[in-house]
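Any value given below was found using the heavy atoms of this structure, including those in side chains, with hydrogens, waters and symmetry copies removed. Chain letters run A, B, ... following the sequence lines, proteins first and then strands; every chain starts at 1.
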Amino acid sequence: MPELSKSYEPGAIEARWAEFWVREKLFSVPTPPPGETRPVFTLLLPPPNVTGSLHMGHMFEQTQMDIMVRWHRMRGFVTLWLPGTDHAGIATQLMVERQLSKEGKKRRELGREKFIERVWEWKRQYGSAITDQMKRLGASVDWDREYFTMDENLSRAVREVFVRLYEEGLIYRGKYIVNWCPRCETAISDLEVKHEEVAGKLWEIRYPVIGTKEFITVATTRPETMLGDTAVAVNEKDERYKHLHGKKVLLPLMNREIPIITDELAQPEFGTGAVKVTPAHDPNDFAAGKRHNLPQIAVMDEHARMNQNAGPYANLDRYEARKLVLADLQEQGFLVGEKNHTLALGKCDRCGTVVEPRLSEQWFIKIKPLADRAREAVEGGEITIVPDNYRQIYLNWMTNIYDWCISRQLWWGHRIPAWSCEGCKEVIVAREAPARCGKCGGSKLEQVSDVLDTWFSSGLLPFTTLGWPEKTRDLDVFYPNMLMITGFDILFFWLARMIMFGCHFMQGHKQDAAIKRASGEGDKKDDSVPFRHVYIHALVRDADRQKMSKTKGNVVDPLDIIRRFGTDATRFTLAAMAAPGTDIAFSESRTEGYRAFANKIWNAARFMFMNVERVEPGLTPDKVQFTEQSLEDRWIHSRFRGTTLAVNSALSNYRFDHAALSIYDFFWGEFCDWYLELIKPRLASENRATAAMACANLVYLFDAALRLLHPVMPFITEEIWQAIYEGKAPQKSVALVGYPQADQKQIDLAAETEMAILQDLIVSVRNLRAELKVEPKEKVPIQLFVHEPAIRTVIEQNRNAVERLANVEAIVFVDQTPAGKGAGRSTARFDVHVIYEAKIDLTAECERLKKELEKLEKGIASGQRQLSNEQFLAKAPQSVVENLRKQQLELAILREKTEGKLKELSCV
RNA sequence: AGGCCCGUAGCUCAGUUGGUCCAGAGCGCUUCCUUGACACGGAAGAGGUCGAUGGUUCGAAUCCAUUCGGGCCUACCA
């Protein structure tokens, strides 16, 4: 076997294997032909924005996905992890606009076509940054199937979906109030508006009622919109205003007569009970306006500047206009109140600009029919969501859902497949550009300029990436995807939309029955769902639990962490901290600790190689069996199987933290700390056969442990695994060999118990030595009283181990608790004394014993209390009572011993 | 306004259906050890009445209520 470099340096190793995996196309998956009987595991990568660069959130998500993917692959699943990137409409357009502005150019000057060309150019140049980074992380995706949401085939599918929905009457076009970002100059969906509580004002304005001396007072947070008022509403039941029904008011500043209407919009309890109605600038007012046939007067343009309808305020920015309107109202005596008022201000998710409700022509999806099926799929258990609380959040949202505005006034994106006829203004929706108008026959048709919401196309990915709308073998095999792993921040944006679209467009789809059964999903009824299981992961925050964001400057760059600690250690950190439900505060100190773990593995491997080289060069795991020759063999084999069980079970429950920590504890705490120490004499044995057998076990176990760890730490495990085989490995990569499996029946409880006693004894002696301040190199004799003969036999059989690991000269077995200078330790099973001249620190020892006695007394007292409680005896399960009795017996023995010791030392 | 989550050792977090994993892990800290895999190491330690109060129970960090503190999501009340 080859010599590993003395110190563990992840950088070079990782880059090499990352490159190897991609070059060898290890994770490319040919479509299995009919007749395939293996289970299939499909996972779609949530496509990062092309504009993105890898942040901790990506790495966290990808680590979990890669663990699941590698785990399934090693367990024999045909495993497809499908990567791609998202064109990210607004984000990308912003990026390129910024680039242009550096050159002193503007998007509109360039024109649409040229601009789009620029974006593509940008994409060609920078678009692979994030996928390159993914490669470095070792993400075991199928790069041969990589997609981009603007690829021609995906774009065609988008058009197909749009046209079908339109034909089904699920897409409509109309003039409605939408959330409008004046900065991005586009409509955005409800989800893209982030509400922020801010301290604002509520202004009260009085409008003179025509033909009376009265005024009617309304309240508003956006006084500038009063310029577009077309009515004042009061509640029909409101006694205060009954006499004004049917009258008109004179709108101040604009001197326009507008009616007083009665509408439920006005709630008597709020404010003055009268409300101004501005149908063009508020969704509620819009609805009220529809009910009363009110005119819609828009007073702002797409930049949120006042327009011609605002009369003297035209061309003012909305906030300047606000100031001026207020000043004028004040001056003319109409402003009668100003109150502090906290309001939830809507801001554009992308750029933070305050969103303005705006009346405009947009395209919408009629969401109810889609949502109903999407809700049923989850309610009926066809899709499972973990953690469970997200299930309810999802269902709530699906139940209270509004129509989805899908059109965007952007240039970068999937253009809406609709054309308007210059002649008759007819709008034609079609898969390809129509030659002439179906209504008037005119041939001057122009495509609608809007593009689709980015999430429209990403919502289709589970089936469009598999070839839809064609009926492909890929769809038969890989649809539904087995799993979706994503963050709750895009639960509604993406996950919900995928479910809606999948359930709608894949209705009637049947997955290959044999594969479905083999994959363990045979009992599922509905194959239209985009995926069968969803795991929602938490968010990564910085060490102070703050959301990482560029503006805060607290972004932890994963590449920096990787450079310093290695990808494996970083992955391990993320996995170990991935307890579901809670966000993780990324802490470097943990990563440092796990780099130490990697280093430990590295050095354990060096130890193995050193021995194999000496004892039996050329020994490889595929040529050996594990033979249980001793207690430590039985023990470690059982512990390995226990760990295997724990890891497999943890992973099937998405408990990445449990999985990672189980392996950690096993490898370091048991395999390295105890097993390696215990077998050293055998490895060094003069007897070649003994040494060879020990070596074989070592290699066997190491190989198995590497496979167990591989999904979490793919690089170091690959490096060592390949080294074990010296280039003659049975497979190209450890990623392609079998994952350890175990059975509860294989657990050797006896071996584990015996070993625990042995460890207990060794630790006790070490403890005594430390207390007695015995020179580390000095061997001391011990006296040992063992209560049960069977245990005495175990210790006798392993006396060499005790002598070596506890640095003991000789074990003398005695027939009763050894008396003497008090350098002893007692457990329920044995009493051990170290024979050593040095005086012990009497005060300290007394202190320790007293503390111990106190603890024992406490335990005994509480135990007695319970055992004398008839209710407890009657109601508690038998096993609990028995265990408690057993424990009480042990405690009593220990108390006796401790008291004896205290007396012996004459402690006060 | 409604809903959700969190509050356990100095720090970051585990703690499965309430009982012997009522207290764990990593880092940090203390003492000792440069013994041929590893000082990114080894050995031995110190450290928490599980936010607060009340309740359910034979028994609660674990269930319920209230309360305080921190975070998040959803919401068209002018």
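A distance of about 36 Å separates the P atoms of B:C76 and B:G15, rounded to the whole Å. Distance noted for atom C1' between B:G47 and B:U67: 30 Å (whole Å). Separation of the P atoms belonging to B:C6 and B:U62 is 13 Å when rounded to the nearest angstrom. Atom P of B:C33 sits at a distance of 28 Å from the matching atom of B:G48, rounded to the whole Å. B:U8 sits 15 Å from B:U53 when the P atoms are compared, rounded to a whole Å. Annotation: B:A52 and B:C68 have their P atoms spaced 15 Å apart (nearest Å). Going from the C1' atom of B:C5 to that of B:U49 covers 26 Å, rounded to whole Å. If you take atom C1' in B:C32 and the same atom in B:A39, they sit 14 Å apart, rounded to whole Å.
Taking atom CG of A:N396 as the reference point, atom P of B:U74 lies 13 Å away to the nearest angstrom. Atom P of nucleotide B:G19 and atom CD of A:E882 are separated by 18 Å, given to the nearest angstrom. The interatomic distance linking A:R655 (CZ) with B:C13 (P) rounds to 15 Å, in whole Å. Taking atom CG of residue A:D282 and atom P of nucleotide B:C77, one finds them 10 Å apart after rounding to whole Å. The interatomic distance linking A:L395 (CG) with B:C4 (P) rounds to 14 Å, in whole Å. Nucleotide B:G15 holds its C1' atom 8 Å from the NE2 atom of A:H658, rounded to whole Å. Atom CE in A:M577 sits roughly 15 Å away from atom P in B:C11 (whole-Å rounding). Between A:N284 atom CG and B:A75 atom P there is a gap of 14 Å when expressed in whole angstrom units.
Between A:F492 atom CZ and A:I393 atom CD1 the span is 6.5 Å, to the nearest 0.5 Å. Here A:T567 contributes atom OG1 and A:I13 contributes atom CD1; the two are 10.5 Å apart, rounded to the nearest 0.5 Å.
In this structure, A:A233 reaches neither bases nor backbone, as no heavy-atom distance under 4.0 Å exists between it and the strands shown. When heavy atoms are screened at a 4.0 angstrom cut-off, A:H341 is found touching the sugar-phosphate backbone but no base atom. The residue A:I393 sits apart from the nucleic acid: no heavy atom pair falls under 4.0 Å. Within 4.0 Å (heavy atoms only), A:Y664 reaches sugar-phosphate atoms of the nucleic acid but no base atom. Counting non-hydrogen atoms under 4.0 angstrom, A:F572 reaches nothing in the nucleic acid.
The base-pairing partner of B:A37, taking Watson-Crick or G-U wobble contacts with both distances under 3.5 Å, does not exist among the strands shown. Across every strand in view, B:A1 sits in a pair with B:U74 that passes the Watson-Crick or G-U test at under 3.5 angstrom. Base-pair partner of B:C63: B:G55 (Watson-Crick or G-U wobble, both distances under 3.5 Å). Figure legend. B:C27 is base-paired to B:G10; pairs are counted as Watson-Crick or G-U wobble with both atom distances under 3.5 Å.
Between the side chain of A:R595 and the backbone N or O of A:R564, at least one donor-acceptor pair lies under 3.5 Å. No donor-acceptor pair closer than 3.5 Å links the side chain of A:N653 to the backbone N or O of A:R655. When atom types are taken as modelled, the side chain of A:D229 and the backbone of A:A231 share no donor-acceptor pair closer than 3.5 angstrom. Looking at A:E356, its side chain never comes within 3.5 Å of a backbone N or O of A:W180 through a donor-acceptor pair.
A distance of 6.0 Å or more separates the ring centres of A:F565 and A:Y594.
When each of A:P268 and A:D665 is assigned the nucleotide of RNA chain B with its nearest heavy atom, A:D665 is the one assigned upstream, toward the 5' end.
Among the nucleotides B:A14, B:C13, B:A75, the one closest to the side chain of A:D657 is B:A14.
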Short heteroatom pairs, N/O only, protein and nucleotides 32-43 of chain B, under 3.5 Å:
from: B:A37; atom 1: OP1; to: A:K680; atom 2: NZ; distance (Å): 3.3
from: B:A37; atom 1: O2'; to: A:N603; atom 2: OD1; distance (Å): 3.1
from: B:A37; atom 1: O2'; to: A:R606; atom 2: NH1; distance (Å): 3.1
from: B:A37; atom 1: N7; to: A:K680; atom 2: NZ; distance (Å): 3.4
from: B:A37; atom 1: N6; to: A:E677; atom 2: OE2; distance (Å): 3.3
from: B:A37; atom 1: N3; to: A:N603; atom 2: O; distance (Å): 3.1
from: B:A37; atom 1: N3; to: A:A604; atom 2: N; distance (Å): 3.2
from: B:C38; atom 1: O4'; to: A:N603; atom 2: OD1; distance (Å): 3.1
from: B:C38; atom 1: O2'; to: A:N599; atom 2: ND2; distance (Å): 3.2
from: B:C38; atom 1: O2'; to: A:N603; atom 2: ND2; distance (Å): 3.2
from: B:C38; atom 1: O2; to: A:K600; atom 2: NZ; distance (Å): 2.8
from: B:C38; atom 1: N3; to: A:K600; atom 2: NZ; distance (Å): 2.9
from: B:C40; atom 1: O2'; to: A:N599; atom 2: ND2; distance (Å): 2.8
from: B:C40; atom 1: O2; to: A:R595; atom 2: O; distance (Å): 3.4
from: B:G41; atom 1: O3'; to: A:K600; atom 2: NZ; distance (Å): 3.1
from: B:G42; atom 1: OP1; to: A:K600; atom 2: NZ; distance (Å): 3.1
from: B:G42; atom 1: OP1; to: A:W668; atom 2: NE1; distance (Å): 2.5
from: B:A43; atom 1: O3'; to: A:R766; atom 2: NH1; distance (Å): 3.4

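Between A:F702 and A:F667, the ring planes lie perpendicular to each other; the angle is over 60°, past the 30° to 60° tilted range. Aromatic ring orientation, A:Y176 versus A:F364: perpendicular (interplanar angle above 60°, classes split at 30° and 60°).
Taking 4.0 angstrom as the limit, A:K194 places a side-chain polar atom (N or O) nearer than this to OP1 or OP2 of B:U74.
Judged by distance alone with a 3.5 Å cut-off, no donor-acceptor contact links the side chain of A:Y390 to the base of B:C4.
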